[in-house]
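Order of the sequence lines sets the chain letters (A, B, ...), proteins ahead of strands, with each chain counted from 1.
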Amino acid sequence: MAGEDKLVKLKIDNVYKEYQGRNGKTVALNGVNLDIMENEFICVVGPSGCGKSTLLNIIAGLLEPTSGAAYLDGKQIEGTGVERGVVFQQYALFPWRTVIKNVMFGLEMKKTPKEEAEKIARKYIEAVGLKGFENAYPKELSGGMKQRVAIARAYAANPEVLLLDEPFGALDAQTRVQLQTELLNTWEQEKKTCFFITHDVDEAIILAQRVIIMSARPGRIKRIVNIDIPYPRTQETKSDARFLELKAEIWNEVYQEFLEVKK
Amino acid sequence: MSDETTKKKKKAAINDKVWLLISLCAALIVWYLLSLGKATGRSFPFVHKVLPAVGTMNERGVFWKDIQSSMLCVAAGFGLGFITALPIAFLMAWYTPVQKIIEPWINFIRNIPALAYAPLLVITFGVGQKPAIILIWICTFMTMSITIYQGIKNIDVTLIKAARVLGANDFDIFMKIICPATVPFIITAIRLGLSAALTTLLAAESTGAQAGIGMRIRSLSNSFESAPMLMYIILLGIIGLILVKVIDIIERKLTGWQEKIS
Ligand SMILES: Nc1ncnc2c1ncn2[C@@H]1O[C@H](COP(=O)(O)OP(=O)(O)O)[C@@H](O)[C@H]1O
Ligand SMILES: [Mg+2]
């Protein structure tokens, strides 16, 4: 994995974000600095309300930082862009579109010829194991299947960076493990830079090359842990001695922040 | 869909039809009992007297004219209501000032019975169909604009974000997200609008209309002809039912994708 001359894909430079709420302002991010390399898989963990989603939305271009900036390939991020795909926790599928029409949405926006778009969509629908459901409507799918469609939809638009905001948070344990494995497989096949938010430490370690631990509000990066477990990782990796060691270490950090929140 | 679920559905459909039949029979029994009473019999003559009233009114040459005139008022009033409510609803959702100014008006007028301000319209527009159409227009507009506005307001913003990050511009968002997401609310608005149109028909035709179901009910009441009156009242109900059925079919065609809480 290691290469000294890896390129910085995403640069988060001293990002500060405050929200103007009803009862005064909330500082969500208080000076976040982070370099994410090309093709890197990053997981972000931290207590809820520490600004994880805010950071993701700033990278996506859905929010503007109050000060500081985020850069993609050295260019300052302003607004959304197709090179940054997003997978939301609540699936966000278009309920009036069938599975294949959902997956084709990004291609439709790019004005890809219909036949080609359909071919690409079918490829990703198959990749996420939903062959045969092309013409189903979202309401006919389970939560796990919906999230598979959302992942296929993000991939089909061919982004360079994939931003995932607790994508498996609403799923049951088995489905979650299954989707983790699938996501890892896809990532190993067509490496994209992944920025993955989770509150599940196991999930973070099994997926990431580096785990970013954020501190309680106002959010800052508290620590970055390198996950020096080689790929391919499987569910067996979870009983690995090194895995358990890292898990204890990260848990400890996250737990301290959790106590901060309770105070 | 598996065989079993289709079977189950069929069974449920038959049950529903049976229930409808039972309900109808019960209504006929109640109606019959009412027709037996000395006082109630005067207002509720039974089917054998009400049904021939269709012929009587036809002989007088007004039956079809009344239906035609009323349907024209409903169609024109509702049509105008719909084509004005749609853009106003979008404007209210887009520009807060528009909503802040218009919504209180609507909420104020909505609670006033249309019958109360119908005479005002006659003073300005004269008697006949014109004020009737305008009255229905006002009533349907108020119901529909508020319903569609609330629908647009309730669109899940995550869907808009999801479209944005997939490369949609403002126009795409409007055409491919806002419009389809609003369709269920538009259909609800049409349903409420038609119901409002029918319920204001009486008030509308109190404006010196020459014909019409509402006008006829009024004039028949002056001559105490309860059988044709009842016939017209039932006719109004049947028209309402037919309209509801038509909307149901359209709804199933257009919003089959919708998740139903049942
Ligand atoms: N639109 C908003 N307006 C006001 N405060 C907000 C808004 N969005 C988030 N916040 C606040 O900012 C903080 C960080 O939120 P968020 O980024 O969603 O955290 P996380 O994803 O880590 O749970 C929270 O305290 C939250 O209440
Ligand atoms: Mg969040």
Side-chain angles (χ1 to χ4, degrees), chain A residues 53 56-57 59-63 77 79-99 101-112 117 121 135-141 146-147 149-159 161-165 167, chain B residues 1-6 8-9 86 90 96 100 148 150-190 247-262:
Chain A
S53 298
L56 182 138
N57 279 302
I59 300 172
L62 290 164
L63 275 180
I77 290 172
T80 56
V82 283
E83 45 333 301
R84 285 159 284 136
V86 182
V87 177
F88 300 90
Q89 179 172 2
Q90 290 312 322
Y91 323 127
L93 297 182
F94 307 127
W96 52 86
R97 286 178 164 245
T98 57
V99 166
K101 290 271 179 194
N102 262 283
V103 177
M104 282 165 69
F105 190 87
L107 298 156
E108 225 173 279
M109 295 300 110
K110 268 196 265 186
K111 307 262 185 302
T112 309
N135 296 317
Y137 281 97
K139 71 163 181 185
E140 299 166 279
L141 306 178
K146 282 183 192 161
Q147 200 54 293
V149 177
I151 291 171
R153 183 175 66 179
Y155 263 100
N158 196 25
V161 179
L162 208 52
L163 308 166
L164 307 102
D165 193 350
Chain B
M1 211 187 285
S2 74
D3 258 11
E4 208 158 303
T5 54
T6 36
K8 245 191 208 154
K9 271 216 177 124
L86 203 57
F90 276 99
T96 319
K100 292 272 185 231
I148 298 170
Q150 272 159 2
I152 302 168
K153 272 282 157 196
N154 277 322
I155 293 177
D156 183 1
V157 284
T158 340
L159 294 184
I160 295 173
K161 288 185 190 172
R164 267 247 193 267
V165 297
L166 288 165
N169 57 31
D170 285 347
F171 181 73
D172 295 326
I173 300 255
F174 181 77
M175 293 304 289
K176 308 216 161 183
I177 309 296
I178 312 265
C179 285
T182 315
V183 168
F185 298 102
I186 292 179
I187 289 173
T188 305
I190 290 176
I247 298 166
D248 278 348
I249 292 166
I250 296 171
E251 184 171 34
R252 231 170 297 136
K253 279 247 161 72
L254 289 181
T255 66
W257 48 267
Q258 233 193 346
E259 210 132 8
K260 289 260 153 56
I261 315 157
S262 55

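For chain A, no part of B/Leu254 is nearby; none of its heavy atoms comes within less than 4.5 Å. At a 4.5 Å heavy-atom cutoff, the contact between A/Arg153 and chain B is made by backbone and side-chain atoms alike. Heavy-atom distances place the side chain of A/Glu108, and not its backbone, under 4.5 Å from chain B. Only the backbone of A/Leu93 has a heavy atom closer than 4.5 Å to any heavy atom of chain B.
If you tally non-hydrogen atom pairs under 4.5 Å between each of B/Pro180, B/Gly167, B/Gly256 and chain A, the highest count goes to B/Pro180. Contacts with chain B were tallied for A/Val82, A/Leu62, A/Asn57; A/Leu62 has the most, counting heavy-atom pairs under 4.5 Å. Of the listed residues (A/Ala92, A/Ala60, A/Pro95, A/Ala157), the greatest number of heavy-atom pairs within a distance under 4.5 Å of chain B belongs to A/Pro95. Between chain A and the residues B/Thr158, B/Asp172, B/Leu159, the largest count of heavy-atom pairs under 4.5 Å involves B/Leu159. For the options A/Trp96, A/Phe88, A/Tyr137, A/Phe105, heavy-atom pairs under 4.5 Å to chain B are most numerous at A/Trp96.
In plain terms, the two heavy atoms of A/Ile77 and A/Ile59 that are nearest each other are CD1-O, 3.6 Å. Minimum interatomic distance between A/Gly85 and A/Pro159 (heavy atoms only, all atoms of both residues): N-CB, 3.4 Å. Closest approach of A/Ala154 and A/Val87 over heavy atoms only: CB-CG2, 3.9 Å. Across A/Leu163 and A/Val161, no two heavy atoms sit closer than the pair CD2-CG1, 3.8 Å.
Atoms CD1 and OG1, on B/Ile177 and B/Thr182 in that order, are 10.5 Å from each other to the nearest 0.5 Å. Distance CD1/B/Ile178 to CD1/B/Ile155: 4.5 Å, rounded to 0.5 Å.
With hydrogens and angles disregarded, a donor-acceptor distance shorter than 3.5 Å links the side chain of A/Asn102 to the backbone of A/Phe94.
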